[in-house]
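Worksheet for the structure shown next.
Please read all numbers here as calculations on a predicted model, not as lab measurements. Along the sequence shown, residues carry numbers from 1.
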Amino acid sequence: MSGTAIRVGVDLVPLSRVRTMADADDGRLLHLMLTPAEAELSRFTSGWDVHGVAGRLAAKEAVFKLLHVTGQPLPWQSIEVLKSPGEWPCVRLTGPASRWAAEAGIEAIDISISHEEQFAVAVAAGATGHPPLEEEFHAQQDLVQR
């Protein structure tokens, strides 16, 4: 099989989890998970933007899932969720995440983030020039036929 494979990742983060992290040690854990630029975008003068943080964390997880990396922890600082000039969320990869995307042939990743009262959800999509493995293709076809 030849052609392009589309990879998708999705994640859901409860806002209650982010509130707990924000309250613990003045958000020390959040500073480990967010880059300085993300932390700056995620703070109000009154404290953390819980919705924004939850959306960023969900987006990082979604991006990690589409990279299809096994046996590695999520490199929180290596997946950065910022704002484009049009205020849309955008992803910047560095370090291991950048290397894994390059190995998969993924040149660009689009993300969409939504949040409501209790949860934030993010979807990440990327195309790769590498076709899926033959076994993956047949498994996908079996699901489509069901």
Side-chain angles (χ1 to χ4, degrees), residues 1-22 27-44 47-146:
M1 179 174 165
S2 62
T4 303
I6 303 298
R7 292 190 181 184
V8 177
V10 63
D11 196 63
L12 180 75
V13 172
L15 270 64
S16 60
R17 184 181 310 153
V18 174
R19 284 187 189 97
T20 300
M21 288 189 287
R28 185 178 142 305
L29 183 57
L30 294 179
H31 283 290
L32 295 174
M33 300 170 92
L34 300 172
T35 66
E38 290 172 317
E40 185 177 322
L41 289 170
S42 301
R43 294 288 301 222
F44 296 134
W48 289 99
D49 169 11
V50 175
H51 287 87
V53 171
R56 280 189 173 79
L57 297 181
K60 287 173 178 255
E61 288 271 4
V63 168
F64 183 64
K65 289 175 181 178
L66 80 78
L67 294 175
H68 293 192
V69 178
T70 56
Q72 297 292 324
L74 191 154
W76 293 102
Q77 296 284 322
S78 188
I79 301 170
E80 192 170 39
V81 180
L82 302 170
K83 289 183 180 181
S84 71
E87 296 293 307
W88 292 101
C90 60
V91 177
R92 187 176 77 136
L93 303 179
T94 58
S98 177
R99 186 176 65 251
W100 297 331
E103 289 169 359
I106 297 172
E107 295 179 9
I109 297 173
D110 284 332
I111 58 171
S112 181
I113 301 170
S114 185
H115 32 73
E116 52 99 81
E117 190 175 314
Q118 297 180 6
F119 297 96
V121 64
V123 176
T128 173
H130 302 302
L133 296 175
E134 192 70 22
E135 304 85 49
E136 291 176 335
F137 174 74
H138 290 296
Q140 290 170 0
Q141 294 301 0
D142 289 343
L143 288 174
V144 169
Q145 293 174 2
R146 289 184 188 164

Please report the interatomic distance CZ(Arg99) to CG(Leu67), rounded to the nearest 0.5 Å. 11.0 Å
Heavy-atom count check: over 12 atoms from other residues, nucleotides or ligands less than 6.0 Å from Glu116 CD? yes
What I'd like to find out is whether the side chain of Ile113 reaches to under 4.5 Å of the side chain of Val81, using heavy atoms alone. yes
So Leu57 and Leu34, do their side chains get closer than 4.5 Å, heavy atoms only? yes
Using atom types as modelled and distance alone, determine if a side-chain donor or acceptor of Ser78 lies under 3.5 Å from a backbone N or O of Ala97. yes
Working to the nearest 0.5 Å, report the span between CD1 of Ile109 and SG of Cys90. 11.5 Å
Side chain to side chain contact (heavy atoms under 4.5 Å, CB included) involving Asp49 - partner list, sequence neighbours excluded: Phe44, His51
Residue set satisfying ring pair (Phe, Tyr, Trp, His ring centres under 6.0 Å) with Trp48, at least two apart, ordered chain then number -> His31
Distance (rounded to the nearest 0.5 Å) between Leu15 CG and Glu117 CD: 9.0 Å
Is there side-chain contact between Ile111 and Val123, with at least one heavy-atom pair below 4.5 Å? no
Any chance you could lay out the side chain to side chain contact (heavy atoms under 4.5 Å, CB included) test for Ile106 and Leu66, step after step, and finish with the verdict? CA-CA 10 Å; Ile106 297 172; Leu66 80 78; 3.6 Å; yes
Heavy-atom closest pair (Glu38 atom, Ser42 atom, distance to 0.1 Å) is O-OG, 2.8 Å
Quick check: closest heavy atoms across Ala122 and Ala62, and the distance to 0.1 Å? O-CB, 3.7 Å
Sequence neighbours excluded, the answer for side chain to side chain contact (heavy atoms under 4.5 Å, CB included) partners of Gln72 is Val69, Trp100
List the steps, then state whether side chain to side chain contact (heavy atoms under 4.5 Å, CB included) holds for Val121 with His115. CA-CA 6 Å; Val121 64; His115 32 73; over 6 Å; no
Qualifying salt bridge (charged side-chain N to carboxylate O under 4.0 Å, His left out) pairs, either residue in residues 71-89, two or more places apart: Glu80-Arg92, Lys83-Glu87
Would you please name every residue forming a side chain to side chain contact (heavy atoms under 4.5 Å, CB included) with Thr70, sequence neighbours left out? none
The complete set of salt bridge (charged side-chain N to carboxylate O under 4.0 Å, His left out) pairs with one or both residues in residues 10-20, sequence neighbours excluded, reads Asp11-Lys65
Using a 4.5 Å cut-off on heavy atoms from C-beta on, say whether the side chain of Leu32 contacts that of Trp76. no
Any heavy-atom pair between the side chains of Thr94 and Thr35 that's under 4.5 Å? no
So Met21 and Met33, do their side chains get closer than 4.5 Å, heavy atoms only? yes
Just by modelled atom types, is the Val10 backbone N or O under 3.5 Å from a matching donor or acceptor in the Glu61 side chain? no
